[in-house]
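Numbers restart at 1 for each chain; the letters A, B, ... are given by sequence-line order, proteins then strands.
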Amino acid sequence: MQLYVQALASGLASAGVLTLIALGFSIQWRALRIVNLAHFSSALLGAYLTFSLSTSTGMDPLLTLVVVVPAISLLAVLVQWLYDHFKVTSFNSLLISFALFILIEGIVRLAWGADFQSIPTAINPYSIEAVDISGIAIPTPTLIAFVISIVIAFSGAYYVRHSYFGRGLRAMAQDRDIAVAYGVNYRRTSLVIAAASGGIAGLAGTLTAMSTSLFPTAAEAWIGLVFAVVILGGIGSLTGAFVGAVLVGVITDVGTTQWGLPAAQLITFILLIIVLLWRPYGLFSKAGT
Amino acid sequence: MTKRAATSFSIITVLLLLVPNLQGATGFPVYNLVFLYTTFYWISQATSWNILSGYTGYFSFGQAAFVGTGLYTTAVLTVNLHVNYFLTIPLAGITSMLLAVILGFVSFRLRALRGEIFTLLTLIIALALGAVAQLSNYIDGGQGKSIESPSYPDFLGSYSDLIYRMGVLIAIGSVATAYAIQHSRFGRGLFAIRDDEDVAEAFGTPTFRYKMIAFAISGFIAGAAGAVNSLQLSYVSIDATFTFITPLFVILMSTLGGRNHWLGPVLGAAIIYLLQERLSGSAFTNYSQILLGVILALTILFVPEGLYLRLKVRWRPIGAIFAVLVIIASIFDIFGATLSDILAALIVIFPLLVLQRRYVRWLPWLGDETASQQVVRTRVNTSKKPERAKASDDE
């Protein structure tokens, strides 16, 4: 029993990084109609950047955020500028971002090698640290990610709901042309969203590098998980992304404890199919909004 | 299919089937036969992808799932159940077809965002199938499976001849299918779905049924070609089967060659496989993934209609330069093998093909478009969304 409670808790906690990656992907998909697979590459690059910075300089991995978040954010803005400049449609965005995804994976493999790599524990004490909550151990980086993801998801949802910018965003999600005609600045909004998504992806990357070892194809596994998270929570819903991530995280961890990882992936996939058939707009959002 | 097209396809098939006999006479290396077979394998895969994704605009990343289903159907049937290998080829096709039908049933029913959901669903189906194969010791269990070479009558020639001939048959079969679809009412329906699905539906195109049929055909070809490829691989493993490389290749090939035309994937497959094959033998093997990514991005941005239609407009000057380059390279023996010569010439003329006319205006003969060629261009441009057409305008 203790084992399952532990699995439940760590699944809950692992939802943090998933939420962080899903937030940007989800909002770009909904508001900009861009299915940005390069978003996963951003997170991967963030993780590797953290790894390099802290291994080479001996810096505390949390401190590298000062460099990683702006750098990845800038990269995301550049990519978004590219999409805007070439007036990329939704489908072509999938293709181009797939090309970028493959490209960046190749670059990462070339620059950092195909092997597993992790920051030495001497520099990264967080990787072996764990917070003990009444007998259940949760690794510190995962816990940090969990707390940050709650803060960002809920404050972001509040901001989108109640600010002027957020109203423009929601108008754009409903009908871009009409929103632009009524004075929403599309290019500025898209670049701001890209910057925020990129920054959060960089943060997710740093937290990943702090807790696990890295390898170039790690981003491929994220695509499946994050897609499940976004569909379960509803495309474009920030709080939905958090709830979806908790669901996926718990299923993955408890399922892995019980039947092993492949079975857990399969359960997530079957759940996804059921949700797509039953409530294609996500579990928690109303149709068409 | 018209009588003329049917005759042409049969003549080409017979000629290609006779190539191994030529090998006995002239003695060119067996490796060239393997190279040709693999090219044909990729031609059938790219064509299979194009029948659904190129014609209807529903992008599928699930090629690996269909190929893998075909491969593993053959593996399980021959190794576990000792079914005759040749029987498993159609069975593999049918299994992949069933997978396609199920996937299509789930995703084509949606009204909003159907394209994006379909794409991402196909993206993760390969991962899910990999998980299934990993879980079941009956299918794979993480061990991989060796495929034994089947026994076959002697008149079919050596083992590599047999594989080559099966590859040719599947490839020509799929290309002929793509040709027939493009020139039928069904094909026009698929193109209408790509242009505007709601309008197509309003004008009476049975969109759901058409998409399902196209997806089923695509799945069948992918599975059957995968079953044939199992002989060439002779060892099936999860990691090598359910990868991103297969969808990357087929998307790249079809997009580069041109998604609006049945010949596009054929052209793209020949170019990309040649490139990949030459790169993997050379010092650039580490860069091949990066290079493929760059080519894909550049193609989508600068030649959205594909090289086939570009070539149709510019074939005379470019064909001439290409021929001259190949002849010079082979006379002076600059690169060694014939394939390398062709590849080098292709790389040199690639910018001329890809660049829009305003960038190559200093080469006046690239700009000469006759009236009929302009018709081709307008047709291509209007088949896209208006804003996209403006962005890729050549003038």
Listed once per pair and sorted, the ring-ring contact (aromatic ring centres under 6.0 Å, His included) pairs that draw on residues 249-273 of chain A, sequence neighbours left out: none
Within this structure, what is the OG-CG distance for the pair A:Ser93 and A:Leu100, rounded to the nearest 0.5 Å? 10.5 Å
Turns out that what part of A:Ile231 lies under 4.5 Å from chain B's heavy atoms comes down to side chain
Assert yes or no for the condition that the ring centre distance of B:Phe66 to B:Phe215 is strictly below 6.0 Å. yes
Looking only at side chains, do B:Thr207 and B:Glu201 share a donor and an acceptor under 3.5 Å apart? yes
If you round to the nearest 0.5 Å, how far is CZ of A:Phe227 from CH2 of A:Trp29? 5.0 Å
Between B:Phe59 and A:Phe98, is the ring centre distance below 6.0 Å? no
Could you give all pairs that pass the salt bridge (Lys or Arg N to Asp or Glu O under 4.0 Å) test and reach residues 228-254 of chain A, with sequence neighbours left out? none
Going by atom types alone, do B:Ser48 and B:Gln63 pair a side-chain donor with an acceptor below 3.5 Å? yes
Pick one of side chain, backbone, both or neither for B:Ile295, based on which atoms fall under 4.5 Å of a heavy atom in chain A. neither
B:Leu252, part contacting chain A, at a heavy-atom distance under 4.5 Å: neither
Interatomic spacing from CG in A:Leu238 to CD1 in A:Ile27 - rounded to 0.5 Å: 4.5 Å
Side chain, backbone, both or neither: which part of A:Ile270 has a non-hydrogen atom closer than 4.5 Å to chain B? neither
Per-residue contact mode, A:Leu261 against chain B (heavy atom under 4.5 angstrom): neither
For A:Ser190, the option from A:Met172, A:Gln28, A:Gln80 that meets side chain to side chain contact (heavy atoms under 4.5 Å, CB included): A:Gln80
If you look at every heavy atom in B:Ala46 and B:Val250, which pair is closest and at what distance? N-CG1, 3.9 Å
Close approach to chain A in residues 96-105 of chain B, criterion heavy atom under 4.5 Å: none
Are there residues of residues 105-116 of chain A whose heavy atoms fall under 4.5 Å of chain B's heavy atoms? If so, which? A:Glu105, A:Gly106, A:Ile107, A:Arg109, A:Leu110
Side chain from CB out, backbone as N, CA, C, O: work out which of these in A:Gln265 comes under 4.5 Å of a heavy atom of chain B, or both, or neither. side chain
Smallest separation among heavy atoms of A:Thr239 and A:Ala157, with atom names: CG2-CB, 3.8 Å
Is B:Leu248 in contact with chain A via its backbone, its side chain, both, or neither, using a 4.5 Å heavy-atom distance? both
Stepwise side chain to side chain contact (heavy atoms under 4.5 Å, CB included) test for A:Ile21 and A:Val229: CA-CA 10 Å; A:Ile21 301 178; A:Val229 166; over 6 Å; no
Heavy-atom pairs under 4.5 Å with chain A, option from B:Leu135, B:Ile125, B:Thr119 with the top count: B:Leu135
